[in-house]
Number of protein chains: 2
Amino acid sequence: MARVEIGQQLGMSPATVSDLTASLLDDGVLVTEEAGDATPGLIRGRPKVRLFFAETLGSVIGVWTGFNRIELRLVDSAGRNRASRHIERPLRTLGAEELMDVLAQSITAFARETGAPDVKAVGLACQGYVDTKDGIVAWSPVLGARDLPLASGLSERLGLPVLIENDASAMAFAIAQRDPALRTGRTACLMVGDGVGMGFLINGELYRGARFGGSEFGHVRLRRGGPQCRCGGRGCIEAFLADYALHRDAQLIDHRPAPTALIPGEDAMDSIVAQARAGDPALQNLFREAGEVLGDAVGILIQTLEPDHIVICGPGTRAIDLLRPSFEAALESQTIPELRALTTIHVVESSMDLLTEGVVMQALRELDLDLARLKAA
Amino acid sequence: MARVEIGQQLGMSPATVSDLTASLLDDGVLVTEEAGDATPGLIRGRPKVRLFFAETLGSVIGVWTGFNRIELRLVDSAGRNRASRHIERPLRTLGAEELMDVLAQSITAFARETGAPDVKAVGLACQGYVDTKDGIVAWSPVLGARDLPLASGLSERLGLPVLIENDASAMAFAIAQRDPALRTGRTACLMVGDGVGMGFLINGELYRGARFGGSEFGHVRLRRGGPQCRCGGRGCIEAFLADYALHRDAQLIDHRPAPTALIPGEDAMDSIVAQARAGDPALQNLFREAGEVLGDAVGILIQTLEPDHIVICGPGTRAIDLLRPSFEAALESQTIPELRALTTIHVVESSMDLLTEGVVMQALRELDLDLARLKAA
DNA sequence: CTTGTTTTATTCGAGCTCTGAATAAATATG
DNA sequence: CATATTTATTCAGAGCTCGAATAAAACAAG
């Protein structure tokens, strides 16, 4: 944040940093810290002056679309969270055009309600294989449409630049921004929640596949003839670990009819977890199996990619205590000890708020050239 | 190879290329093409003069260590293959010091026999998790020792710089050098032979894991309680596809005792393949199962990494016709069609010669700074 | 309060790489 | 032989970055 620190992180001399920041300060893109805000003088020497992005450069709206839920968040150019909101709304049944209309309306309404006249860009995280470069959802487990040009569709409706990203990738990015250790080396971030996704970072940069998308690791099919998955396959990792899968299988145990609501609410999931913790053997068995699949999944990642870090995150971590025994047993039986020892496994109880923050940060990053241009005008 | 082409590939202006190559030409590191060697003039304009590395800068020995076999190859600084040899020698039973002694002796003898007085470096490809940066074999399925400092051990014995690398990584690198398409985007190269390894390239650069090694994808355990693997686990990909596994299981079918020689020769493998092609149902079943595992493996790679290319290579491709039906069926049932379509699958019948070439190229790359220094002296 | 110490930031000149434009070179075409 | 076309080189200038010197801002000690 201070110039010296920036220099150290980027491997530049302080002189260079001064050069570069000078013009940004002139243009008002950066602002210096108030004199009083400095940390009280515990160290001698001229105190470092921290640099911040100006608040006045406009704001960005981050959006996450779940199965039947839209999360919205407004962040100013200094990175401060201004407002957030969520809307319960089934999105799955909508057609492509309808979906984009609904999203555009929700975003416009949110911007109006929060009184943000200076929205400069929108970042949207969604499930599926997302071509971030061209702004296309190539495939999604929740959309019928294929190759949906979501970014341009929203961009036209809103008159703003729109960045779209896979949700697990956005979450991985956000988590890595919080912990510098995760930005060095290779970090695989497994997000368990509505579905199961993975974001993979190499030295803090998101890994991009053939069509500039992320990974669909959640749809690796680990158990032949296993339970049905949203993607149409059977035995996917997701079909054991996602909220909808656990909820569905919990209902089946009780011989109740298949649930009408496809996606359970947070309270429904909490209740299942509470019952399992209280000792329900059938539910415990469900979590035992899920943990085993999670262990196999993490084992595959270790053997294949040898990441420095694996992060397990998302709402699914609520039941980590129930998953852990079978997770660890499976992981152990799946991996070579010498290799397993090279990877640190973290459990991060991250909320969807963090995810929207992540996609905002990415939008800022991808569009920073535009911001500079905006300021010039 | 011509200056203009170098500039286009590296994104530099012709002027820059001239600048840089001028000093190298002066130092004798590069040589220009003979006047007569130019392609006959089908195109107008001043003909391009191609640049080559000089032959006189010394040579590099590439080595591959298999289960019971050493492959050696001498390459001059122009990249021309000067000599190659293989030695049948069981390596598995040797201790760490003994192994390094045997390798050093074999390399010295080979250099002497080929009359190469100007060997400047050695590149060695071996199985296991290899820390190329520090020259340490962190783990290997064929060595008892862990964290073996193979590069420094050989370097001391030979008095030469030694680069070590995982064998599948070296093969991937070599194959990508032959086909420019594989150097753009992401290429996963699955080598089936003595064992099963994977080298993963991102834009032509080898992916490095936590300890700067490659992948141990061959030891992903796909079938719980499956056949025994060399690594000590059960149901590894390798335990279905590697030569030793197919040979062992073929012997078991006939109720013969377990084979005494752990690693079958090329003729033994050819005979198994021939019998299967001739219609032996039990052997066909073996290959069917192997193909299924290969399909699952490729499926996992596609879902996880979305590579642009997957290359299946190594001696195991000899039976690709037997593997193919079940391979394709498994691949289809394992993957989402929209994602599968993004990856091109290549079968490359690559020999171990190519592998030693790969490790030489890498050694040249990693040690090129040294070569420049050598020339200065 | 003054002087020295320590750390941060800026200025400035020098070095370095790369580039565009102009030029030269080498060949094919008519 | 003149012209077109492509390749290579030369050269001056732009742009980055850095080291050294300098200035600035605080604390510490007397």
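All values below come from the heavy atoms of this structure, side chains included, with hydrogens, waters and symmetry mates left out. None of these values were measured; they are calculated from a predicted model. Within every chain, numbering begins at 1; the chains are lettered A, B, ... in the order of the sequence lines, protein sequences first and strands thereafter.
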Indicate, with a heavy-atom threshold strictly under 4.0 Å, whether G11(A) touches base, sugar-phosphate, or nothing.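 Since only primed, P, OP1 and OP2 atoms lie under 4.0 Å of G11(A), the category is sugar-phosphate.
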
How long is the line joining [atom1] of [X] and [atom2] of [N], in whole Å?
X: L51(A); N: dT8(C); atom1: CG; atom2: P; result: 14 Å
X: D19(A); N: dC18(D); atom1: CG; atom2: C1'; result: 10 Å
X: L10(B); N: dT19(C); atom1: CG; atom2: C1'; result: 15 Å
X: I6(A); N: dC18(D); atom1: CD1; atom2: C1'; result: 18 Å

Taking only the side-chain heavy atoms of [X] (C-beta and beyond), determine which of [options] contains the nearest atom.
X: M12(B); options: dT10(D), dT11(C), dC18(C); result: dC18(C)
X: P47(B); options: dA8(D), dA26(C), dA20(D); result: dA26(C)
X: R46(A); options: dC18(D), dA9(C), dT19(C); result: dA9(C)
X: K48(A); options: dT8(C), dT9(D), dT11(C); result: dT8(C)
X: S13(B); options: dT7(D), dC18(D), dG20(C); result: dG20(C)

Pair Q177(A), L182(A) - check side chain to side chain contact (heavy atoms under 4.5 Å, CB included), show working. CA-CA 8 Å; Q177(A) 294 309 306; L182(A) 302 178; over 6 Å; no

Testing the 3.5 Å rule here: is there a donor-acceptor pair between the side chains of T16(A) and S13(A)?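 A donor-acceptor contact under 3.5 Å links the two side chains.
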
Report the C-alpha separation of R178(A) and I175(A) in whole Å, then their side-chain angles, then the decisive distance to 0.1 Å, and conclude whether the side chain to side chain contact (heavy atoms under 4.5 Å, CB included) test is met. CA-CA 5 Å; R178(A) 296 219 163 164; I175(A) 287 176; 5.8 Å; no

Which sits closer to the 5' end of DNA chain D, T16(A) or V17(B), going by the nucleotide each is nearest to?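 First, find each residue's nearest nucleotide; the 5'-ward one identifies V17(B).
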
Is there side-chain contact between V75(B) and S59(B), with heavy atoms separated by less than 4.5 Å?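 No, too far: nothing below the 4.5 Å cut-off.
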
